[in-house]
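Read through the structure below, which is laid out as structure tokens, and then see the notes.
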Amino acid sequence: MREFGTTVFAEMTALAVRTGAINLGQGFPDTDGPPAMLERAAAAIGGGLNQYPPGPGMPELRQAVAEHRKEHYGLVYDPDGEVLVTVGATEAVSATVLALCEAGDEVLVFEPYYDSYAAAIALAGAVRRPVALRPVDGRFAFDPDELRAAVGPRTRAILVNSPHNPTGTVFTRDELAAIAALCQEHDLIAITDEVYEHLTYDGVEHVPLATFPGMRERTVMISSAGKTFSATGWKTGWVCAPPALTTAVQSVKQFLTFTASAPWQVAVAYALRHELDWVAALRRDLSAKRDRLMEGLSAAGFGVLRPSGTYFVQTDIRPLGFADGIAFTRELPELAGVVAIPTQVFYDRPEFGRHFVRFAFCKRDEVIDEAATRLAALGRR
Ligand code: PMP
Ligand code: GLN
């Protein structure tokens, strides 16, 4: 694992702490989730819910997840055997890849990809096959022929993250249909990371890959409470999949962490059942924050791409006279008192992303405004 070093998120957050810069790097909100959800967690701890919960997760959370999947997407999962609670989506992805991939198996990933995917694939001794997302008409998209060409005899699975971090792309029905067709043609397992499922904008809707014909049976659907309820520190996620796949993932998960923390589980179960209006308001809020940050970044002179989902905006730094995102983000605290994430670290072929930098907009308006004011200095250099 030597090549993985420290995650870029930890590195950039440490840089922000060290320099006192505004942290628009690591994606975490600077306000709390629904108050009643927080009270449930506190009450659970006070009420003695402090010992190991069952390995698959607390029944009330598994039930709430199953209800939510059914109401939102029409997907029916049995809370006993088809839902598994994990320590965030991160553990869900790692346990799934470890459970389903043998050494030498290939896993397709869209690059830029979320950093833990590469590590999970490496831990399994599997091999990643990147398929590029490239800016086309203002959004990052893949070429279906390139996707098709990436499949080989050892391809076992495809990791699909939509809404997509770090590009903000939400895959369209046509894109998902192309992925679904490929999975069926080549008997691939789809591992879907849907942690931003509720955070889409401009009327764009997230569609789970598992809703496509023939896909539920071959999809491990992953999500988490972190983004939906602004509780990234709770690390409470879940897997929904047919019984054989869920059992396989659980058999690995039990030796990674055995079980996920109890108090958050009951609080998240409550939130899934009673706080979806709060989530709708969060989504409206984030949409306005996205516009606010995009405006500031454009005014500062960045090339700005409009994301349809997630917490993140991609920018092109070339109009400001910079060429390399890593050098740029290392200098940025000194240049402008802001921290951002260089997109190229999420590629196997960093040359595709060299000039892109990611900024997070899940911050209070005054923080976004202050960052925009500081970044405006870049154009005046
Ligand atoms: N997948 C993606 C695409 C993410 O952006 C993140 C970070 N929130 C995760 C997974 C990890 O989620 P969790 O904190 O629930 O482990
Ligand atoms: N998902 C968060 C991001 O993309 C970071 C999570 C982490 O620090 N591992 O910014």
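Just so we're clear, the structure is a prediction, and the values are computed from it rather than from any experiment. Note that ligands are numbered from 1 as they come in the structure, with each ligand's atoms numbered from 1 the same way.
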Check each heavy atom of [X] against ligand 1 and say whether those closer than 4.0 Å belong to the side chain, the backbone, both or neither.
X	answer
H164	neither
K235	side chain
S224	side chain
T90	both

If you count the atoms of ligand 1 from 1 in the order shown, which ones are under 4.0 Å from a heavy atom of [X]?
X	value
G88	13 (P), 15 (O), 16 (O)
N165	3 (C), 4 (C), 5 (O)
N161	3 (C)

*Under the side-chain hydrogen bond (donor to acceptor under 3.5 Å, both in side chains) rule, collect the residues that match up with R318, sequence neighbours excluded.*
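Listed in chain order: D316, H355.
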_Under the rule for side-chain hydrogen bond (donor to acceptor under 3.5 Å, both in side chains), what residues qualify as partners of R216, not counting sequence neighbours?_
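Partners of R216 under the side-chain hydrogen bond (donor to acceptor under 3.5 Å, both in side chains) test: E82.
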*Ignoring angles and geometry beyond distance, decide whether A89 reaches within less than 3.5 Å of ligand 1 through its nitrogen or oxygen atoms.*
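Between A89 and ligand 1, an N or O pair is found under 3.5 Å apart.
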*Q314: which of F302, F356, F359 passes side-chain contact (heavy atoms from CB on, under 4.5 Å)*: F356
*Test: R134 cationic atom under 6.0 Å from F352 six-membered ring centre, within 45° of axis*: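 Flagged: R134 positioned over aromatic ring of F352.
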*Got a donor-acceptor contact below 3.5 angstrom from the R306 side chain to the G138 backbone?*
no
*Between Y196 and V313, is there a shared hydrophobic cluster once you connect ILVMFWY residues whose side-chain heavy atoms come closer than 4.5 Å?*
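Hydrophobic grouping puts Y196 with V313.
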_Residue contacts for ligand 2, heavy atom to ligand atom, distance under 4.0 Å_ =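 Near ligand 2, by chain and number: F9, Q26, G27, Y114, N165, Y196, K227, F312, R358.
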*Of W234, W238, Y270, which is the lone residue that meets ring pair (Phe, Tyr, Trp, His ring centres under 6.0 Å) with W264?*
W234
*asked:* As a test of understanding, state which of N165, T310, T329 forms a side-chain hydrogen bond (donor to acceptor under 3.5 Å, both in side chains) with R358.
replied: N165
_Through direct or indirect side-chain contacts below 4.5 angstrom among Ile, Leu, Val, Met, Phe, Trp and Tyr, which residues connect to L123?_
M1, F4, L98, V252, L256
*Step through the shown structure and confirm whether more than 12 heavy atoms of other residues, nucleotides or ligands are within 6.0 Å of CD on E351.*
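Yes, because the 6.0 Å sphere around CD of E351 holds more than 12 heavy atoms from other groups.
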*What is the nearest protein non-hydrogen atom to atom 7 (C) of ligand 1, stated with its residue, atom name and distance?*
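Protein heavy atom with the smallest distance to atom 7 (C) of ligand 1: K227 NZ, 2.7 Å.
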_Between the side chains of D348 and R129, is the shortest nitrogen-to-carboxylate-oxygen separation below 4.0 Å, so that they form an ion pair?_
no
*Of the choices Y114, Y117, Y196, which has the non-hydrogen atom that lies closest to atom 9 (C) of ligand 1?*
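The option holding the nearest heavy atom is Y114.
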*For atom 3 (C) of ligand 1, which candidate among T236, T232, I222, D193 provides the closest heavy atom?*
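Checking each option, the heavy atom nearest atom 3 (C) of ligand 1 is found in D193.
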